[in-house]
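All values derive from a computational prediction rather than experimental measurement. Below, chain A is the first sequence line, B the second, and so on; all start at residue 1.
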There are 2 protein chains.
Amino acid sequence: MATIKDVARAAGVAPSTVSYVLSGSRKISAETRTAVQAAVEELGYHPNAGARSLRSTRTGVLALALPLSGRGYLPVGGRFMYGLSEAAGRHGYLVLLVTPPGQDDTGAGLERAARGRFADAAVLMGVEMADPRVAAMRELEFPVALMGHPDDEASAPWTDLDWEESVVAAVRALREAGHRRVLYLGTVEEDVGARRTYSVRGIRGAERSAAESGTAVDVCHSSDDPAELYRRLDSRFDSDAPPTALAVQHPPAIPGILRHLAARGIEVPRDVSLVAVGNFPEDLGGLDVTRIELPVERMSAAVTRLAVEAAAHAGDPGPSGDGGRAPNTLIPPHLIRGATVAPAP
Amino acid sequence: MATIKDVARAAGVAPSTVSYVLSGSRKISAETRTAVQAAVEELGYHPNAGARSLRSTRTGVLALALPLSGRGYLPVGGRFMYGLSEAAGRHGYLVLLVTPPGQDDTGAGLERAARGRFADAAVLMGVEMADPRVAAMRELEFPVALMGHPDDEASAPWTDLDWEESVVAAVRALREAGHRRVLYLGTVEEDVGARRTYSVRGIRGAERSAAESGTAVDVCHSSDDPAELYRRLDSRFDSDAPPTALAVQHPPAIPGILRHLAARGIEVPRDVSLVAVGNFPEDLGGLDVTRIELPVERMSAAVTRLAVEAAAHAGDPGPSGDGGRAPNTLIPPHLIRGATVAPAP
DNA sequence: CTGAAAGCGCTTACAG
DNA sequence: CTGAAAGCGCTTACAG
């Protein structure tokens, strides 16, 4: 593999000059620059990542800390991994996946990535309200950006869909259609138990909706086990005052829910209305559901920018001054009207 | 951040001794080893990744080359990214995501990762029958392992579900239930056009099924656009000899297909039977579909092992001897009987 | 406008 | 059983 010396020799200059041409951090004569660029092209030269990071203390890599879900896999990941990888690429960064090893949720993999200088900053997914990884990385003075909206908004730069407002908007749409008994089917209980920010904020939205609008909003957690989920739904629909509408923050379950309800003779939206909260386009299997979609591209771009900025300012004065806080991004919900909301019976 | 010198000082030994303790490549007295380990623990020492890779030419990183889908995103990715990251972790490797930048499909990001020594080997996803990335990496003598089964089986180590046998098995199950007119709904046409291995081999399976069993197997490509997909289905169901069964190699579309057919008054399995080929558990939204699931864990583990081995043997004699070829893994299909196959009418 | 030199933090022959 | 020393390929003050 070609080294900077090979390029220098081919271009008839010193290695340091090659480096300066590549970094653009010094004025170079057009002649020299052209010769160097030709040699780089000719030899297919790419700087050795290890040497570069050793010398400059910058790796050009962002660590992506995936959540440990208990269930092993958060389907939320795939889309975001793509989005982040692309956004990172636009900033000249590559993305390193860091999965939590087995039990430990403080992120041994993340710590290795941070201490071993595998990356310049980390993006944390599946953020919890008081996420231990934030404290751990702060301890190491390792920059992070959060995909999630923790209770302590100043603990780290973050971005998120406004889940609380999303559920409020979903309930409002249902109320405007005349619904007075809404079942809020939230995230799976494992996520609630872990106090993931989207779970907790979704529930807060449901509670606020009830308080503000006088709509009865029953809060029910979802389950990854369809049978268990349908049991919970059945218990609501078998009650004296069954819901006339659903707000569902567990979108991948929706096709199965529609099927289950249909098997009970309950048609959407004839008998019950439904709004999806925070779905991916593919979650709904091509069904035209009234929904608030997850703005993956926007969230990915935002959190990547925060991580890149945090990396750039690593080693700066620190969080002393009250001014200059990171520009966190809370993305407002956007309701897309599909075919699953009808006037209340 | 602590360096090897800090550890050496704390343990009262030479830096080289610390290195030997960590690598285990030299006999060390119990006393010395204990002292070093204590110092490592005490200081929270992790070797600097850049320095280590510069010196040893091993990065401990596997590049994961994601496919450019044209459509931007292959939902297949998320599961595999998790599976690969975990499998890699078990081998002591981290995973670096490499997304193809914009147009170029030969993998400029991959080339940068290879030439810049960001990784020791690459795993290629979304492999095409004659994948240009394989040739490009061979040119660089950069080790690869393929998630896919290319025409030239000796071009690189690979692993895959046996898609051809999977479709054959699906059609056989339908034939055994008495079905004589089967519609094979394959992958989306973009994947067929790109000659992705699973697309081409699925079609081969459909064709072989027809030839061998005397079953009429109509080959139809799927579409990411549900409306277009339903149009294609409708044209088949409106024909003189409509299919009595479907074999669907585009599982995320299945919930929508069931819904669409139901809207036409076609119930599964009462009026038409269905087998899913190569689905993720979550693709089916909790529906009890007769299916051949994608063995993600097994495929991830297998391809990771191949990549790790390829990395270990990088720089070996080369593909000269005919013996010692990589142990490719073609995983046979396993049919799970659900509730969507009934006897033909 | 360009070059010579130091040094980032490791690993691994070489030496004893 | 352990240590001193060279050197991986870069970047960046220092010098002219």
Side-chain angles (χ1 to χ4, degrees), chain A residues 1-37 39-40 43-61 92 112-120 314-315, chain B residues 1-37 39-40 43-61 92 112-120 314-315:
Chain A
M1 204 106 311
T3 73
I4 200 170
K5 278 187 179 172
D6 299 321
V7 176
R9 200 175 309 124
V13 299
S16 56
T17 298
V18 175
S19 177
Y20 284 118
V21 169
L22 260 35
S23 71
S25 66
R26 184 193 252 189
K27 264 214 162 54
I28 302 283
S29 73
E31 199 181 10
T32 302
R33 186 170 355 129
T34 310
V36 168
Q37 283 164 344
V40 165
L43 298 172
Y45 170 71
H46 284 251
N48 180 294
R52 175 172 266 188
S53 84
L54 173 57
R55 180 57 229 231
S56 68
T57 69
R58 330 227 65 234
T59 62
V61 171
R112 178 179 167 214
R115 295 197 111 115
R117 291 289 153 194
F118 280 86
D120 299 330
Chain B
M1 203 106 308
T3 72
I4 200 170
K5 278 187 178 172
D6 300 321
V7 176
R9 199 175 309 123
V13 298
S16 55
T17 299
V18 175
S19 178
Y20 283 118
V21 169
L22 260 36
S23 71
S25 66
R26 184 192 249 190
K27 264 212 163 57
I28 302 281
S29 72
E31 198 181 10
T32 302
R33 186 170 355 131
T34 308
V36 168
Q37 283 164 344
V40 165
L43 298 173
Y45 170 72
H46 284 251
N48 181 293
R52 175 171 266 188
S53 84
L54 173 57
R55 180 57 230 231
S56 68
T57 69
R58 328 227 67 231
T59 62
V61 171
R112 179 178 167 217
R115 296 196 110 115
R117 292 287 153 196
F118 279 86
D120 299 330

Report task. For B/Ala49, enumerate each residue passing the side chain to side chain contact (heavy atoms under 4.5 Å, CB included) test, keeping only those at least two apart in sequence or located in another chain. Result -> A/Phe118
Report task. Select from B/Lys27 and A/Ala51 the residue whose nearest nucleotide in DNA chain D is closer to the 5' end of that strand. Result -> B/Lys27
Query raised in the report: C/dA5, C/dG7, C/dT12: which one has an atom nearest the side-chain heavy atoms of B/Ser56?
Result: C/dT12
Query - Partner residues of A/Ser25 under the side-chain hydrogen bond (donor to acceptor under 3.5 Å, both in side chains) criterion, sequence neighbours left out - result: A/Ser23
Report task. Step by step, work out the side chain to side chain donor-acceptor pair (under 3.5 Å) result for A/Ser29 and A/Thr32. Result -> CA-CA 5 Å; A/Ser29 73; A/Thr32 302; 2.8 Å; yes
Query raised in the report: Within the structure shown, what part of the strands sits under 4.0 Å from A/Ser25 by heavy-atom distance: base, sugar-phosphate, or nothing?
Result: nothing
**Report entry** d(CZ, A/Arg117; C1', C/dC10) in whole Å
**Finding:** 16 Å
Query raised in the report: Looking at A/Thr32, does any N or O in its side chain come under 4.0 Å of the phosphate oxygens OP1/OP2 on C/dT2?
Result: yes
Query raised in the report: How many angstroms lie between atom CD1 of A/Ile4 and atom NE2 of A/His46, to the nearest 0.5 angstrom?
Result: 13.5 Å
Requested in this report: Look at all strands and tell whether A/Ser23 reaches a base, only sugar-phosphate, or nothing, counting heavy atoms closer than 4.0 Å.
Outcome: nothing
Requested in this report: Go through C/dC10, D/dT12, C/dC1 for me and flag the one nearest to the A/Arg55 side chain.
Outcome: D/dT12
Query - Nearest-Å distance for atom pair CD1/C1', residues B/Ile4 and D/dA5 - result: 14 Å
Report task. Quick one: the dot-bracket string of DNA chain C, using Watson-Crick and G-U wobble pairs with both distances under 3.5 Å, [ ] for crossing pairs and | for bases paired to another strand. Result -> |||.||||||||.|||
Report task. Quick one: pull up CG in B/Asn48 and CZ in B/Arg55 and give me the separation to the nearest 0.5 Å. Result -> 14.5 Å
**Report entry** Closest to side chain of B/Leu54, choosing from D/dG3, D/dC8, C/dG3
**Finding:** D/dC8
Query raised in the report: Do you know which two heavy atoms are closest between B/Pro15 and B/Ala8, and how far apart they sit?
Result: N-CB, 3.6 Å
Query raised in the report: Taking OP1 and OP2 of C/dT2, is either one under 4.0 Å from a side-chain nitrogen or oxygen of A/Ser29?
Result: yes
Query raised in the report: Looking across every strand, which nucleic acid part, if any, lies under 4.0 Å from A/Ser19 by heavy atom: base, sugar-phosphate, or nothing?
Result: base
Report summary line: From CZ of A/Arg52 across to P of D/dG9 the rounded distance in Å is 15 Å
Query raised in the report: Rounded to whole angstroms, how far apart are CZ on A/Arg58 and C1' on D/dT11?
Result: 13 Å
Requested in this report: Tell me what B/Ala14 touches on the nucleic acid: a base, only sugar-phosphate, or nothing, going by heavy atoms under 4.0 Å.
Outcome: sugar-phosphate
Report task. Look at the side chain of A/Tyr20 against the base of C/dA4 and say whether a donor-acceptor pair falls under 3.5 Å; ignore hydrogens and angles. Result -> no
Query raised in the report: Whole Å only: how far is the CD1 atom of A/Ile28 from the P atom of D/dT11?
Result: 13 Å
Query raised in the report: Rounded to whole angstroms, how far apart are NZ on B/Lys5 and P on D/dG3?
Result: 15 Å
**Report entry** Atom-to-atom span, NE2 of A/His46 to P of D/dG9 - whole angstrom
**Finding:** 16 Å
Query raised in the report: Does B/Ser16 get its side chain close enough to the base of D/dA5, under 3.5 Å, for a donor-acceptor pair?
Result: no
Requested in this report: Please round to the nearest 0.5 Å and tell me the distance separating atom OG1 of B/Thr17 and atom CZ of B/Arg26.
Outcome: 6.5 Å
Query raised in the report: Expressed in angstrom and rounded to an integer, what is the separation of A/Arg33 atom CZ from C/dC1 atom P?
Result: 9 Å
Query - Base of C/dG3 paired with side chain of A/Arg26 (donor-acceptor, under 3.5 Å) - result: yes
Report summary line: One should read off an interatomic distance between B/Leu22 CG and B/Ile28 CD1, to the nearest 0.5 angstrom, of 10.0 Å
